[in-house]
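Since the structure comes first, as structure tokens, the remarks are kept for the end.
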There are 2 protein chains.
Amino acid sequence: MRGMLSFLIMWFLSKRPMYGEEIAQELEKMKGSKPTPGTIYPALKHLQNNGLITSRKDGRNIIYSLTEKGTTTSKKAFEYFCIMFEPVFRDCIKAKNLKKN
Amino acid sequence: MRGMLSFLIMWFLSKRPMYGEEIAQELEKMKGSKPTPGTIYPALKHLQNNGLITSRKDGRNIIYSLTEKGTTTSKKAFEYFCIMFEPVFRDCIKAKNLKKN
DNA sequence: TCAGATGTATCGTATACCCAATAATAATAT
DNA sequence: ATATTATTATTGGGTATACGATACATCTGA
């Protein structure tokens, strides 16, 4: 249940490397509200400390990307997430179809 | 990001009233692991304090159900959840289809 | 070169979440 | 009826996630 933010961050990074602000913006698109730096950077640091992501400087940005370990972990977490929330998803689809009628 | 547990509890209760142990079992089906009482009951208490659920005794069980306020809140949270995680869901479906081939 | 804009980092705090151990209760069998 | 047992609920405490506010660093353009 815990660690949804880290999960989403890794999911983003599985698409393409991003820097912190970019990740925050993606989350804003999703959630409607932008996480504050105090939310995003500690999470990134934590992921990095666990060897799941690496960072490299590019100009003023620090670009994060998944490590090999991170890729594996992210895939597993993704599969777990899919299975776990499948019943809710089905409900989402159902609700959507109902609205169409 | 936080409050996933409460969200799921309310989602369960939107289907039918349940007592604590039942909710824990539903979560076990979903997650694979059963939350301990110390996880579930504080969450229930919190929801009740916020007027989102009510409880009534039935035999040895305490059956929880959504209040009117809870129903409204739950619906909104559900819609929000659907919109927010839609891109991830799409990925889930994609991943599933790939496996079929 | 310095001002504004953008990106990054840190600190303190709240609380959701979680576990373990314990208590309470009802169902049961004797 | 009473004791036993199984099931359900409660409590207390610990931890990590997430948040807001603030401060720092770096780039860019005038």
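Quick note: numbers below take in every heavy atom, side chains included, and nothing from hydrogens, waters or symmetry partners. The sequence lines fix the lettering, A, B, ..., with proteins before strands; numbering per chain opens at 1.
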What does G38(B) touch in the nucleic acid at a heavy-atom separation under 4.0 angstrom: a base, only the sugar-phosphate, or nothing? base
So, is K57(B) close to the dT8(D) phosphate, meaning a side-chain N or O under 4.0 Å from OP1 or OP2? no
Between CD1 of I63(A) and CD1 of I23(A), what distance do you get to the nearest 0.5 Å? 10.5 Å
Whole-Å gap separating C1' (dT10(C)) and CD1 (I62(A)): 14 Å
Distance check: side-chain N/O of T39(B) vs OP1/OP2 of dC17(C), anything under 4.0 Å? no
Would you tell me if any nitrogen or oxygen in the side chain of K31(A) comes within less than 4.0 Å of OP1 or OP2 on dC19(D)? yes
May I have the distance from I23(B) (atom CD1) to dA9(D) (atom P), rounded to whole angstrom? 9 Å
Note: for G3(A) and N61(A) on DNA chain D, the residue whose nearest nucleotide lies more 5' is G3(A)
Has the side chain of R2(A) got a donor or acceptor atom sitting under 3.5 Å from an opposite partner on the base of dT17(D)? no
Write down the distance between CG (D58(B)) and P (dT7(D)), rounded to a whole number of angstrom. 17 Å
Expressed as a whole number of angstroms, how long is the span from R60(A):CZ to dT26(D):P? 11 Å
Hey, is the side chain of H46(B) poking within less than 4.0 Å of OP1 or OP2 on dA16(C), counting only N and O atoms? yes
Scan F7(A) against the nucleic acid and name what it touches under 4.0 Å (heavy atoms): base, sugar-phosphate only, or nothing. nothing
Check for a donor-acceptor pair, side chain of Y80(B) on one end and backbone N or O of K31(A) on the other, with a separation under 3.5 Å. yes
Between dT10(D), dG7(C), dC19(D), which nucleotide has the shortest distance from any of its atoms to the side chain of Y41(A)? dG7(C)
When E21(B) and P42(B) are each assigned the nearest nucleotide of DNA chain D, the 5'-most assignment goes to E21(B)
Which of these nucleotides, dA9(D), dC17(C), dT22(D), is closest to any side-chain atom of M4(B)? dC17(C)
